[in-house]
Amino acid sequence: MRTYLYVISGTFLLMTKTVVGDYPVAGIEPFQRPTDAPKIEWVHHSKAWYQVALTGINQPYSPSLNFLDNQGNWYTPFNHPGATGRYDLRKWHQ
């Protein structure tokens, strides 16, 4: 009986739109982004950000690195040190 009660109450919570104050909570309806959810208009990366992102890569830079111009503020493993030892091809750990 308790299991059914939890399932029913959980289903009800998923079906309702959640708003905390005037701020929408994105992700409650994963198939649809709330219309009033914040939107990122543009991202500016400084020269220091590009220097870190291009650590261990020699010039001239390959055109395949142009994706950095469109890289937002989300996580990407390309900008962070990875494996150590012989797998450290970009020399992040030296």
Side-chain angles (χ1 to χ4, degrees):
M1 181 69 173
R2 281 188 180 159
T3 305
Y4 294 119
L5 183 59
Y6 291 132
V7 171
I8 291 170
S9 62
T11 303
F12 176 74
L13 288 174
L14 288 175
M15 290 171 34
T16 60
K17 183 175 181 178
T18 303
V19 176
V20 179
D22 292 333
Y23 191 78
V25 177
I28 302 300
E29 297 169 334
F31 56 89
Q32 181 177 1
R33 181 174 175 85
T35 56
D36 48 352
K39 296 178 179 85
I40 297 173
E41 299 292 328
W42 57 274
V43 176
H44 172 73
H45 294 299
S46 65
K47 286 187 177 189
W49 183 89
Y50 277 101
Q51 287 176 342
V52 171
L54 296 170
T55 298
I57 300 174
N58 297 327
Q59 291 187 8
Y61 298 126
S62 169
S64 65
L65 294 173
N66 289 341
F67 78 91
L68 291 173
D69 295 335
N70 299 316
Q71 179 70 37
N73 285 333
W74 55 86
Y75 173 81
T76 176
F78 191 82
N79 295 349
H80 302 282
T84 58
R86 67 180 190 191
Y87 302 107
D88 186 15
L89 301 178
R90 293 175 58 191
K91 312 293 186 228
W92 283 88
H93 298 284
Q94 291 184 357

Nearest heavy-atom approach of Thr76 to His80 is O-CD2, 3.0 Å

For this session: Give a yes or no on whether Lys47 atom NZ has more than 12 heavy-atom contacts from other residues, nucleotides or ligands under 6.0 Å away.
Result: no

Residues Gly72 and Val43: closest non-hydrogen pair is CA-CG2, 4.2 Å

Joining Ile, Leu, Val, Met, Phe, Trp and Tyr whenever any side-chain heavy atoms lie under 4.5 Å apart, the cluster holding Leu65 also takes in Trp49, Tyr50, Leu54, Ile57, Tyr61, Phe67, Leu68, Phe78

For Gln71 and His45, the nearest pair of non-hydrogen atoms, with its separation, is O-NE2, 2.6 Å

Heavy-atom closest pair (Asn79 atom, Ala53 atom, distance to 0.1 Å) is OD1-CB, 3.5 Å

Hits for ring pair (Phe, Tyr, Trp, His ring centres under 6.0 Å) against His93, two or more places apart or cross-chain, chain-then-number order -> none

Nearest heavy-atom approach of Val52 to Trp92 is O-CH2, 3.2 Å

Interatomic distance, NE2@His44 vs CG@Asn73, rounded to 0.5 Å, equals 11.0 Å

Residue set satisfying side chain to side chain donor-acceptor pair (under 3.5 Å) with Ser64, at least two apart, ordered chain then number -> Ser62

Just by modelled atom types, is the Pro63 backbone N or O under 3.5 Å from a matching donor or acceptor in the Asn66 side chain? yes

